[in-house]
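Below you'll find the structure, written out as structure tokens, and then a few comments.
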Amino acid sequence: MAKQIDDKHGLARDHGLPGKLIVVEGIDGSGKSTQAQILKQWLEAHNVPVFFTEWNSSPLVKKATRRGKKKNLLTPTTFSLLHATDFADRLSYQVLPPLKAGMVVIADRYAYTAFGRDTARGVDPGWVRDVYHFAIKPDITYYFKVPIQVALQRLLSARTKIKFHEAGMDTGLDKDIVRCFELFQQKVLDEYDRMTSEFGFEVIDATLPITTQQIMVRKIVMESIGDVVRRGA
Amino acid sequence: MSNFAPTGKISDNPKNLASLFRIPAPPARRKRYFGKGLPYMDLDDLRGYLVVVEGSDGVGRSTQISLLKSWLQVKGFGVLETGWTRSQLVGPTIDLAKAGHAMNNLTFNLLYATDLADRLEHEIIPGLRSGFVVLGDRYYYTALARAAVRRSEIDWVRSLYGFAIEPDLVVYLKVDMNTLFHRVIKSSGLNYWEAGMDQNPGCDPYESFCRYQSKLIRQFNRLSREFGFRAVDARRPVEKVQVSLRRQVAALLDIKMTREDREVRLLV
């Protein structure tokens with residue numbers, strides 16, 4: 001696949017900050033948040049200063065997102081831009097400062113979530129990459145890869161209510177929310193697969209037992225940013 | 001409601017009556033995106049016209065647009081107004097963020113882009129599809145000018161707005177710094193953002209206004225050359241500016257300017 005970002009793109013350049021940025025990506029139900037939490041505990045047990053950040057709405061755009069969802073105002077483009085605004089806010093206040101202070105930042109979802117989701121909704125894949133030009137390149141990006149059916153099973157057995165936008169109901173792919181989730185998230189999965197080589201994801205088989213996955217996760221940490229862990233200990 | 005004095009009763013003058021049936025029907029112009037565009041939005045069936053009025057804060061854009069709107073309606077056109085930061089989706093958010101000074105350069109640019117995208121998909125494109133003359137009170141160029149002054153990465157801002165469509169006409173209400181200051185102080189007064197106080201913290205508001213607005217004017221002049229704006233000397237009285245504005249729009253819409261069109265009388 002053709003390269004969609006140039007060398008000047010933030011995701012293509014080393015950030016050069018004293019801290020390290022670890023990102024976990026994957027669809028809902030992939031178990032990425034669980035793995036991120038365990039990793040955090042492990043790093044902290046080794047006296048590594050960790051800051052954990054999730055992609056929740058910042059106060060800045062929370063109201064707009066709610067208004068948009070309630071009144072059904074959101075289009076693929078405004079949906080994408082609102083998330084980018086959120087991301088920019090989060091990057092400025094929650095990611096960059098701890099990295100400058102030398103901490104390890106674990107981000108539950110990052111710009112790649114937007115690339116996958118927004119492209120699945122129909123925006124231009126090159127445009128959405130351009131929008132995130134200001135992002136910085138993670139030191140490690142884990143992609144927790146899981147088939148749709150497994151993810152769905154996990155979500156449903158945990159009795160989590162599948163949310164309207166998570167299922168991509170706004171795309172009108174199907175009237176049934178479970179079926180729509182399958183169709184929409186499959187598109188997102190396809191995008192993740194395309195991005196794996198584009199951005200050099202560390203792919204973790206998310207159907208494996210939790211402990212097995214965590215061992216793989218820690219190995220990769222030791223290989224690529226092991227000095228940080230050793231320094232902490 | 002009309003903003004200008006009527007020039008005679010329709011029944012008084014048979015020529016006026018005849019003019020009722022001479023609504024111009026200019027040919028549609030093909031619309032294009034500035035950049036990568038919206039893959040899910042087809043521009044082929046847009047029959048209307050996008051006319052943008054750009055210029056500094058306080059130059060008199062909204063007065064001119066409201067006069068222009070009434071005039072065009074008298075001519076028989078459907079007119080839709082759309083204004084910067086007035087989107088349903090994030091208009092209130094921008095106001096809040098400005099009040100709380102919660103924005104940085106990135107979120108500033110992104111929120112304004114969201115605002116335009118929302119208005120583009122919910123107002124501008126549907127309006128153009130229905131054959132309206134859409135009057136934009138500021139557009140993408142305002143974002144470019146401000147981004148340049150705030151030293152945002154310009155290439156990024158340009159690609160960000162790749163979803164926007166190119167207007168059919170951009171009229172630039174051009175003033176000098178001094179005239180602008182006199183207008184602003186007498187109407188709305190200096191405010192934090194228009195005085196560019198975020199750019200010049202601790203600075204005297206007058207000094208800051210001059211510094212910020214003259215930088216903006218320089219940027220608008222540069223953009224005017226790049227994008228071929230039609231510049232109108234906005235230092236003149238409202239009526240004269242309106243006539244110049246009408247001339248530009250008349251040329252686009254195949255309207256023949258009559259003597260009446262050149263005599264703007266304001267209701268006091």
Is it the backbone or the side chain of [X] that comes under 4.5 Å from a heavy atom of chain A, or both, or neither?
X	value
B/Asn104	side chain
B/Glu121	side chain
B/Leu38	side chain

Using non-hydrogen atoms and a 4.5 Å limit, figure out which bit of A/Lys71 sits close to chain B: side chain, backbone, both or neither. side chain

Based on non-hydrogen pairs under 4.5 Å, which of B/Asn109, B/Leu116, B/Leu111 is most in contact with chain A? B/Leu111

Given the options B/Leu120, B/Leu110, B/Val90, which has more heavy-atom pairs under 4.5 Å with chain A than any of the others? B/Leu110

side-chain hydrogen bond (donor to acceptor under 3.5 Å, both in side chains) between A/Asp89 and A/Ser92, worked out: CA-CA 5 Å; A/Asp89 197 62; A/Ser92 311; 5.9 Å; no

Angle class for the A/Trp55/A/Phe87 ring planes (parallel below 30°, perpendicular above 60°, tilted otherwise)? tilted

Looking at A/Phe115, I'd like to know if the NZ or CZ of A/Arg129 sits under 6.0 Å from its six-membered ring centre while staying within 45 degrees of the ring's axis. yes

Dump the intermediate steps for side-chain hydrogen bond (donor to acceptor under 3.5 Å, both in side chains) on B/Arg138 and B/Thr142, then the final yes or no. CA-CA 6 Å; B/Arg138 294 188 282 189; B/Thr142 286; 4.6 Å; no

Does a salt bridge link A/Asp28 with A/Arg109, judged by any charged N lying under 4.0 Å from a carboxylate O? yes

